[in-house]
Student: 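Take a look at this one; I'll ask things after.
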Amino acid sequence: MQSAKMFLKLIILLGVSGLSFSAIQRPDYDDTPDPEFLNPFWMSHLPDDQPLSEVTMPGTHNTMALYGGVYAECQTWSLASQLRAGVRFLDIRVRHVNGNLSIHHGVSYQRAHFGHVLEGVADFLTEFPTETVLMRVKEEFSETRDIYGAVVDYIHRFAHWDMLWHSRLVPTVGEARGKLIIMQDFPGPDLGMRYGSMDIADDWKVPTVLHVKEKWQSVHDHLEKAPGGNLAQIFLTFSSGAGLLAFPRAVAQRIHPQLYDYLESKSQDLNQRLGIICMDFPAAPMIQMIIDFQLRNEFNSGHSVEGLKNTIERIRHKMVTRNIA
């Protein structure tokens, strides 16, 4: 009995050990208020004829979950900061009450509504029309299964109907530029693409931090599958996870070093498609590593590795230093 109590205390201690009284900014993990550097127009360097399903891009899980304590918070950067940092996949959860769509993570209200998200995306795409944004929209903390009409209403009120990609088909990069692609995770007529059309790994249940090994294995296996998978299908891998004794920060602080090392180990491999990598508390250098995989696809294997590195560094320098004020 005594040993069981000690074991439980150990699990609880490990589960909260990611909690810090000061913010952390590492190359793989960042829970400070602002990104270390920005990458607002990285898609401008991609060829127009490349299918979006072959693009490797960073995303955020529960994009708007900035409030509610350690069990609810998944991000610390604002939506605008995430987009400017290079994030191109958003995971948006809405609570539906009488036609109103407020942003929630479970019970935790996130001090925003769906209109704020649409305005933020519209402003970003207006400023950077070479980019595209994919947005999963899912009902959360309500079970009406009838948010279609409200979503359409919000789009007309807070964005532009023509800004949407109105097809289930995967667009090319050129077709997607300046577009918001709704990854529809709710019933109703097509607004864009269907969330379920992607090849998704989202093993989010991590009961305790002692289960991080199993979570990482799921992430690793799906990333390994992506390059040889169906190139016409978008791959989506969630590195995020949580549980009663493992809140999002604790999981991210343990998963991200392994993800960073994995990406670094693959950095010499050309023409790899890893799909969308969706994270809690991503860091700008991690986002850059993910973007760099996509930039490599601009080149063929006839280039030397050293020359390729130099070219990527020049593009990166232009991205970081360009005046975006």
Side-chain angles (χ1 to χ4, degrees), residues 11 14-15 18 26-29 50-63 74-75 86-91 134 136 138 170 183 185 193-283 285-297:
I11 290 178
L14 289 170
R26 305 187 320 217
D28 60 291
Y29 172 93
Q50 183 174 2
L52 201 64
S53 56
E54 296 182 19
V55 176
T56 298
M57 68 178 76
T60 48
H61 159 258
N62 247 305
T63 300
C74 298
Q75 312 296 334
V87 170
R88 294 294 175 268
F89 175 87
L90 310 178
D91 179 19
L134 289 76
R136 176 200 190 182
K138 177 181 183 291
V170 177
M183 307 305 296
D185 198 6
M193 297 179 64
R194 295 285 173 167
Y195 179 73
S197 70
M198 298 186 286
D199 190 313
I200 303 168
D202 185 15
D203 296 319
W204 64 268
K205 293 182 180 179
V206 183
T208 76
V209 290
L210 301 180
H211 295 83
V212 165
K213 181 179 179 181
E214 290 86 349
K215 171 62 184 178
W216 168 245
Q217 192 63 52
S218 169
V219 173
H220 174 273
D221 291 350
H222 202 247
L223 291 175
E224 287 288 286
K225 176 184 174 184
N230 182 358
L231 292 179
Q233 186 177 27
I234 297 174
F235 270 64
L236 171 61
T237 306
F238 284 87
S239 69
S240 52
L244 182 61
L245 298 177
F247 52 83
R249 272 185 172 85
V251 174
Q253 287 183 23
R254 288 161 174 80
I255 289 289
H256 284 199
Q258 298 178 80
L259 177 58
Y260 190 91
D261 289 346
Y262 175 85
L263 295 172
E264 194 169 47
S265 74
K266 297 288 186 179
S267 62
Q268 301 301 321
D269 297 335
L270 298 176
N271 299 318
Q272 283 203 83
R273 184 277 301 260
L274 296 179
I276 301 167
I277 303 176
C278 200
M279 301 163 283
D280 286 340
F281 306 105
M286 177 91 89
I287 290 173
Q288 183 67 63
M289 289 182 76
I290 295 168
I291 291 170
D292 281 355
F293 274 90
Q294 181 52 46
L295 294 179
R296 290 186 184 94
N297 288 346

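In this chain, residues are counted from 1 in sequence order.
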Student: Would you call Ser197 and Ile234 a side-chain contact if the rule is heavy atoms closer than 4.5 Å?
Tutor: no
Student: Closest approach of Pro248 and Cys74, non-hydrogen atoms and distance?
Tutor: CG-SG, 4.1 Å
Student: Restricting to salt bridge (Lys or Arg N to Asp or Glu O under 4.0 Å), what partner residues turn up for Lys225, sequence neighbours left out?
Tutor: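 Residues passing salt bridge (Lys or Arg N to Asp or Glu O under 4.0 Å) with Lys225: Asp199.
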Student: Between Ala201 and Ser218, what is the shortest heavy-atom contact and its length?
Tutor: CB-OG, 4.5 Å
Student: State which residues pass ring-ring contact (aromatic ring centres under 6.0 Å, His included) with Phe89; sequence neighbours excluded, sorted by chain then number.
Tutor: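 If we apply the ring-ring contact (aromatic ring centres under 6.0 Å, His included) test to Phe89, skipping adjacent residues, there are no hits.
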Student: Where is the tightest heavy-atom contact between Ile276 and Met198, given as atom of each residue plus distance?
Tutor: CD1-SD, 4.5 Å
Student: Check whether any side-chain N or O of Thr63 sits under 3.5 Å from a backbone N or O of Asp91 as a donor-acceptor pair, and report yes or no.
Tutor: yes
Student: What's the spacing between Asp202 CG and Phe238 CZ if we round to 0.5 Å?
Tutor: 4.5 Å
Student: Report yes if some heavy atom in the side chain of Cys278 is under 4.5 Å from a heavy atom in the side chain of Thr237; otherwise report no.
Tutor: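 Cys278 vs Thr237: side chains apart.
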Student: First locate atom OG of Ser240, then atom CD1 of Ile277, and finally report the distance between them rounded to the nearest 0.5 Å.
Tutor: 12.0 Å
Student: Which heavy atom of Ser53 sits nearest a heavy atom of Leu231, and at what distance?
Tutor: OG-O, 2.5 Å
Student: Output every pair passing salt bridge (Lys or Arg N to Asp or Glu O under 4.0 Å) with a member in residues 234-244, not counting sequence neighbours, ordered by first then second residue.
Tutor: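 For residues 234-244, and leaving out neighbouring residues, there are no salt bridge (Lys or Arg N to Asp or Glu O under 4.0 Å) pairs at all.
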Student: Which atom pair, heavy atoms only, marks the closest approach of Asp28 to His256?
Tutor: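 The pair with the smallest heavy-atom distance is O-ND1, 2.7 Å.
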Student: Should the pair Tyr29 and Phe281 be assigned to parallel (<30°), tilted (30 to 60°) or perpendicular (>60°) ring geometry?
Tutor: tilted
Student: For Pro282, is there any backbone N or O sitting under 3.5 Å from a side-chain donor or acceptor partner on Gln75?
Tutor: no
Student: Could you tell me the separation between the NZ atom of Lys213 and the CZ atom of Arg254, rounded to the nearest 0.5 Å?
Tutor: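 Lys213 atom NZ to Arg254 atom CZ measures 15.5 Å (nearest 0.5 Å).
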Student: Let me see the working for Gln288 and Ile291 under side-chain contact (heavy atoms from CB on, under 4.5 Å), right down to the final yes or no.
Tutor: CA-CA 5 Å; Gln288 183 67 63; Ile291 291 170; 4.2 Å; yes
Student: Please enumerate all residues that pass salt bridge (Lys or Arg N to Asp or Glu O under 4.0 Å) together with Asp203, with sequence neighbours excluded.
Tutor: none
Student: With rounding to the nearest 0.5 Å, note down the distance linking OH in Tyr195 to CD1 in Ile200.
Tutor: 4.0 Å
Student: Quick one: does Lys215's side chain have a donor or acceptor within less than 3.5 Å of a partner on Lys205's backbone?
Tutor: no
Student: Less than 4.5 Å apart, side chain to side chain, heavy atoms only: is that true for Asp292 and Leu263?
Tutor: no
Student: What pairs with Asp280 under salt bridge (Lys or Arg N to Asp or Glu O under 4.0 Å), at least two apart in sequence or on another chain?
Tutor: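 So Asp280 forms no salt bridge (Lys or Arg N to Asp or Glu O under 4.0 Å) with any residue.
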Student: Taking the side chain as every heavy atom from C-beta outward, state whether Gln253 and Arg26 have any atom pair closer than 4.5 Å.
Tutor: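 SC-SC contact between Gln253 and Arg26 confirmed.
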Student: When rounded to the nearest 0.5 angstrom, what distance separates CD in Gln50 from CZ in Arg273?
Tutor: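 Output value for this atom pair is 10.5 Å.
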Student: List the atom of Leu210, the atom of Glu214, and the distance in Å for their closest heavy-atom pair.
Tutor: O-OE1, 3.9 Å
Student: Are any non-hydrogen side-chain atoms of Met279 and Pro58 less than 4.5 angstrom apart?
Tutor: yes
Student: Can you measure from OH (Tyr262) to CD (Gln258) and round to the nearest 0.5 angstrom?
Tutor: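 So the OH of Tyr262 and the CD of Gln258 are separated by 12.5 Å.
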Student: If the condition is salt bridge (Lys or Arg N to Asp or Glu O under 4.0 Å), which residues does Glu224 pass it with, not counting sequence neighbours?
Tutor: Lys266
Student: Under 3.5 Å, is there a donor-acceptor pair between the side chain of Arg88 and the main chain of Leu134?
Tutor: no
